[in-house]
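Below is one structure, written out as structure tokens; comments come after it.
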Number of protein chains: 2
Amino acid sequence: MTVRVLLADDEHLIRGALAALLGLEDDLVVVAEAATGPEALAMARAHRPDVAVLDLEMPGADGVKVATALRGELPACRVMIVTGHGRPGHLKRALSAGVRGFVPKTVSAQRLAEIIRTVHAGNRYVDPELAADAIAAGDSPLTAREAEVLEFAADGAPVAEIAERAALSQGTVRNYLSSAVSKLGAENRHSAVRLARERGWV
Amino acid sequence: MTVRVLLADDEHLIRGALAALLGLEDDLVVVAEAATGPEALAMARAHRPDVAVLDLEMPGADGVKVATALRGELPACRVMIVTGHGRPGHLKRALSAGVRGFVPKTVSAQRLAEIIRTVHAGNRYVDPELAADAIAAGDSPLTAREAEVLEFAADGAPVAEIAERAALSQGTVRNYLSSAVSKLGAENRHSAVRLARERGWV
DNA sequence: CGGACCGCATGACAAATGTCAGAGCGGGGC
DNA sequence: GCCCCGCTCTGACATTTGTCATGCGGTCCG
């Protein structure tokens, strides 16, 4: 019995190399490749793979978004995510999007092939180190508004602009930022943004 | 005649896959692999490859640093850099470090093999799109100190801390930041940091 | 029903940051 | 030798920010 695999990664070098290596396994066959989020979705619809292996960072729509869409459209298709730099929050988001496997790109191709089989068999697999990080990072202490405001603050915009984009008063924005900063133990909102990013909370 | 290649990339998945694919070309042989900057250097010393293919982002020492060291120690070894997200400034730094090839990871393995041959033959190769970006971005308008201070400011540290780390007075730090901000056309130092990062100027 | 509590908002105040003018020093080019 | 430029600093000022006390409208629960 062979497993039909969809491969999505914007780095051609990796995608191609991976396709070649996975193709060597005689129980795996790569039926489609994609370089962007939307392309991955289209390919999945067209080829109905058993397992979709998605890169987390892709142009168009990230791996988690694609996973969410796939869950609705092709419930039989197991989704797993491969990522370069796994942030704890991403893992959480991925799991709640129904992703069955989550591995860093530091694993070997053999290992990846095994994990594809594991996932195809209906089991889950999460890289132990990433799982530990996620547990250590815990849940986001931020309220929805705080996270939203922090996101608007991400590119260094001044408070006035954040307030406008969030349709809040400037004072309110500063309060949210202030409480976010203290919850995260940061020195100011910019390092707060950085911290929240690292933990995957924004 | 075969080309002896050193492969350095911290993502095992990619490195392994690449090694396998390049190994298929009968004029290329991968003689060593490394996952970190220092390891790449050690491997190069031990195996004296004809061409070193380095990832730009690696733990320990980035590709450009390794290239600089290699240039001194093994002048006969041609160095090329492969990167996921090529920032204009990186290309510039790489070229002045004596790198002969600079390609994004979006190329195919075939293409990479060709480029390895090109580089081995003594020619240079730079991805056209990255080259265009680099030309468009131009030279950094920042003075050495401005860039240094901007780097210290990168993680959102307050002025006092930057001043201490740079061994400057706070007023001076603010002046440098101010001039960097105006040179970059940013709204504040945080977006200045972001801009300088994007252009590869820090 | 009434109180406790939470998210959200406001305004006032304190601290940090951005901006500007000026000034001494040293190196490199003409 | 002289001038220009970059480096460093100072002091003063406007603006932006962070912090806090407080108020208002909900929901949950006894």
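In this text, all values refer to a predicted model and were calculated from it rather than measured experimentally. Just so it is clear: chains get the letters A, B, ... in the order the sequence lines come, proteins before strands, and each one is counted from 1.
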Are OP1 or OP2 of [N] and a side-chain N or O of [X] less than 4.0 angstrom apart?
| X | N | answer |
| --- | --- | --- |
| B:Ser178 | C:dT19 | yes |
| A:Tyr176 | C:dA9 | yes |
| B:Thr143 | D:dC7 | yes |
| B:Thr172 | D:dC9 | yes |
| B:Arg145 | D:dT8 | yes |

Side chains of [X] and [Y] in contact at under 4.5 Å (non-hydrogen atoms):
| X | Y | result |
| --- | --- | --- |
| A:Phe102 | A:Leu130 | yes |
| B:Leu13 | A:Val82 | yes |
| A:His120 | A:Arg100 | no |
| B:Leu28 | B:Ile116 | yes |

Mind checking if B:Asn175 touches a base, just sugar-phosphate, or nothing, with heavy atoms under 4.0 Å?
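Base, at least one base heavy atom under 4.0 Å.
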
Base, sugar-phosphate or nothing for A:Arg174? Non-hydrogen atoms, less than 4.0 Å.
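The answer is base, as A:Arg174 lies within the cut-off (heavy atoms under 4.0 Å) of a base atom.
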
When the distance from [atom1] of [X] to [atom2] of [N] is rounded to whole Å, what number comes out?
| X | N | atom1 | atom2 | value |
| --- | --- | --- | --- | --- |
| A:Leu142 | C:dG7 | CG | P | 12 Å |
| A:Glu161 | D:dT17 | CD | P | 10 Å |
| A:Glu146 | D:dG18 | CD | P | 14 Å |
| B:Leu177 | C:dC20 | CG | C1' | 15 Å |
| A:Gln170 | C:dA9 | CD | C1' | 13 Å |
| B:Arg189 | D:dT16 | CZ | P | 15 Å |
| B:Asn188 | D:dG18 | CG | P | 11 Å |
| A:Glu164 | D:dT16 | CD | P | 14 Å |

Pick the closest DNA chain D nucleotide for B:Gly171 and for B:Ala144 by heavy atoms, then say which residue is nearer the 5' end.
B:Ala144

Between A:Asp10 and B:Lys105, does the salt bridge (charged side-chain N to carboxylate O under 4.0 Å, His left out) criterion hold? Intermediate values first, please.
CA-CA 9 Å; A:Asp10 59 329; B:Lys105 281 183 178 168; over 6 Å; no

Could you check which of C:dG18, D:dT8, D:dT10 has an atom nearest any side-chain atom of B:Leu168?
D:dT8

